[in-house]
Amino acid sequence: MNFLDKINAQTITMLLDGTRDTLLMTFVSAIIAYIIGMPLGIVLVVTHKSGIRPIPALEKVLGFIVNILRSPPFLIMLILMFPITRAITGTTLGPKAVIPPLVVAAAPYVARIVESSIKEVDAGVIEAAQSMGASPLQIILKVLIPEAKPSLIVGATLATTTILAYSAMAGIVGGGGLGDIAIRYGYYRYETEIMVVTTLVIVVLIQVIQESGMLLSRVTDRRRKV
Amino acid sequence: MIEDGCMIEVKGLYKEFPLNGQMQEVLKDVNLRIYKGEVFGIIGVSGAGKSTLVRCMNFLEKPTKGEILIKGKNLSDLNPKELREVRRNMGMIFQQFQLLEQRNAIDNICFPMELVGIKRKDARTKARELLKTVGMEEKERSFPSQLSGGQKQRVAIARALALNPEILLCDEATSALDPETTKSILELIRELKSRLGLTVVIITHEPDVVKAICDRVVSIKNGVVSESEIPTDSFEN
């Protein structure tokens, strides 16, 4: 059978739908994961014993929770989350049902990425802001986040591509999207061509997200020599 | 307390840091009175505790024991908000300049004004005046990565003066600069001091710096400040 015979209009429609579902799952999950993970990451830095508002007990507890949530493999997390997912979305199938486990898996990961970006901000610059009478909140909003921006964008790129890869894994439990197509057609039905093409689409998506993220980080970074 | 013009008073100051599990005394019983309008130098080799001393003056470091009085106000008695207000009356410049890398020159100078809620338009007008004062009006839109060390320090000085402070703390402000640039920055500080009636505290390890600019100098060694002042002309040799 010719490789291209499989790639008919129906397949293309299926791949386009799969791409749409995958991007939807990825970006919605990434946004919600950032809404939770970004403040969490900032709190981890700020409340650290060497932070601008040290509350070591809180930092320890949050760090512990983050580590626990990051521990289970994503596939296990997906299954463990079934009851919660059903309570939130009313189903455990399709793209919508993949979002809650993706968020729960990604938010602590995002928190750690944000934490490491924020930690890169020079302690001397923070001290200078304190010497000018900046409050902790002003330091967060006007020093930490803006100064860490290029690194935060790189981190968001990393997080988004990781979430996309995870979302493909959700195909195993009928999560929809490209991963689902690859498993159902490619693996269960031995239609290797479909699996290959689907995987290629995922590769392209990851490349595009990765490269645009790096470009955005580069062009917004004012440290570059002009 | 301030009738005699004492701007900064350091009384029985001790500072300890943990080092390898042991407490290390960095400052031992430091007593100083710094008066309005003078340039006060503190000279010492690195590790002598001079940076810690200047950081105690605006409570970036909290003393282990002893008191810091700024215009008669005991910093230990202040809540965080009151402390921030006192800090706004004390500009500070650093060896590594510590400009915000993602902001251009004028926005760096606007930063302290943003913190106190000065309107953006007014802040920019004031920032432009300051850029002119420090001779950087051409570099308004340059980012720190595009400026030389001396230029960065000029922007940092403008930023330190944005809230019209009465005190300027200089922590090794010229140590990262070449001799020529050092000279021009010191001239600028002296000129600003006369024009604005600033009280300046200079921390340095360079005898040339205190010789060039200080009215009074003390030395610091192993956390102990010398009892007597060093006559500034003694640095001629």
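Keep in mind that what you see is a predicted model, and the values were worked out from it rather than measured. Residue numbers start from 1 in every chain, and the chains themselves are labelled A, B, ... in the order their sequence lines are given, proteins ahead of strands.
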(request) Answer with side chain, backbone, both or neither: which region of A/Thr220 has an atom nearer than 4.5 Å to a non-hydrogen atom of chain B? (result) backbone
(request) Might you confirm whether atom CZ of B/Phe97 has over 12 heavy atoms from other residues, nucleotides or ligands at distances under 6.0 Å? (result) yes
(message) Report which part of B/Leu60 has an atom under 4.5 Å of a heavy atom belonging to chain A: side chain, backbone, both, or neither.
(response) side chain
(message) Show the nearest heavy-atom pair for residues A/Pro136 and B/Arg84, with the distance to one decimal.
(response) CD-NH1, 3.9 Å
(message) Which atoms of B/Gln96 are under 4.5 Å from chain A, going by heavy atoms: the side chain, the backbone, both sets, or neither?
(response) neither
(request) Go through the atoms of B/Phe111 and report whether side chain, backbone, both or neither lie under 4.5 Å from a heavy atom of chain A. (result) side chain
(message) Quick one: does any side-chain atom of B/Gln98 pair with a main-chain N or O of A/Ala128 as donor and acceptor, under 3.5 Å?
(response) no
(message) Looking at B/Arg128, I want to see if its CZ is surrounded by more than 12 non-hydrogen atoms of other residues, nucleotides or ligands under 6.0 Å.
(response) yes
(message) Could you tell me if the side chain of A/Lys142 sits less than 4.5 Å from the side chain of B/Leu115, heavy atoms only?
(response) yes
(message) Check this for me: A/Lys119, atom NZ, are more than 12 non-hydrogen atoms of other residues, nucleotides or ligands nearer than 6.0 Å?
(response) yes
(request) Kindly check if the number of other-residue, nucleotide or ligand heavy atoms within 6.0 Å of NZ (B/Lys126) is above 12? (result) yes
(request) Say whether, by atom type as modelled, one donor and one acceptor occur between the side chain of A/Glu147 and the main chain of B/Glu101 under 3.5 angstrom. (result) yes
(request) Check the surroundings of atom CD in B/Glu82: do more than 12 heavy atoms from other residues, nucleotides or ligands lie under 6.0 Å from it? (result) yes
(request) Drop me the distance from A/Met132's CE to B/Arg159's CZ, to the nearest 0.5 angstrom. (result) 3.5 Å
(message) Between B/Arg103, B/Arg88, B/Gln95, who has the most heavy-atom pairs with chain A when the cutoff is under 4.5 Å?
(response) B/Arg88
(request) Check each atom of B/Leu83 against the heavy atoms of chain A and say whether the ones under 4.5 Å are side chain, backbone, both or neither. (result) neither
(request) Compare every heavy atom of A/Val125 with every heavy atom of B/Leu100, then report the nearest pair and how far apart it is. (result) CD2-CG1, 3.4 Å
(message) Show the nearest heavy-atom pair for residues B/Ser145 and A/Arg222, with the distance to one decimal.
(response) OG-O, 3.2 Å
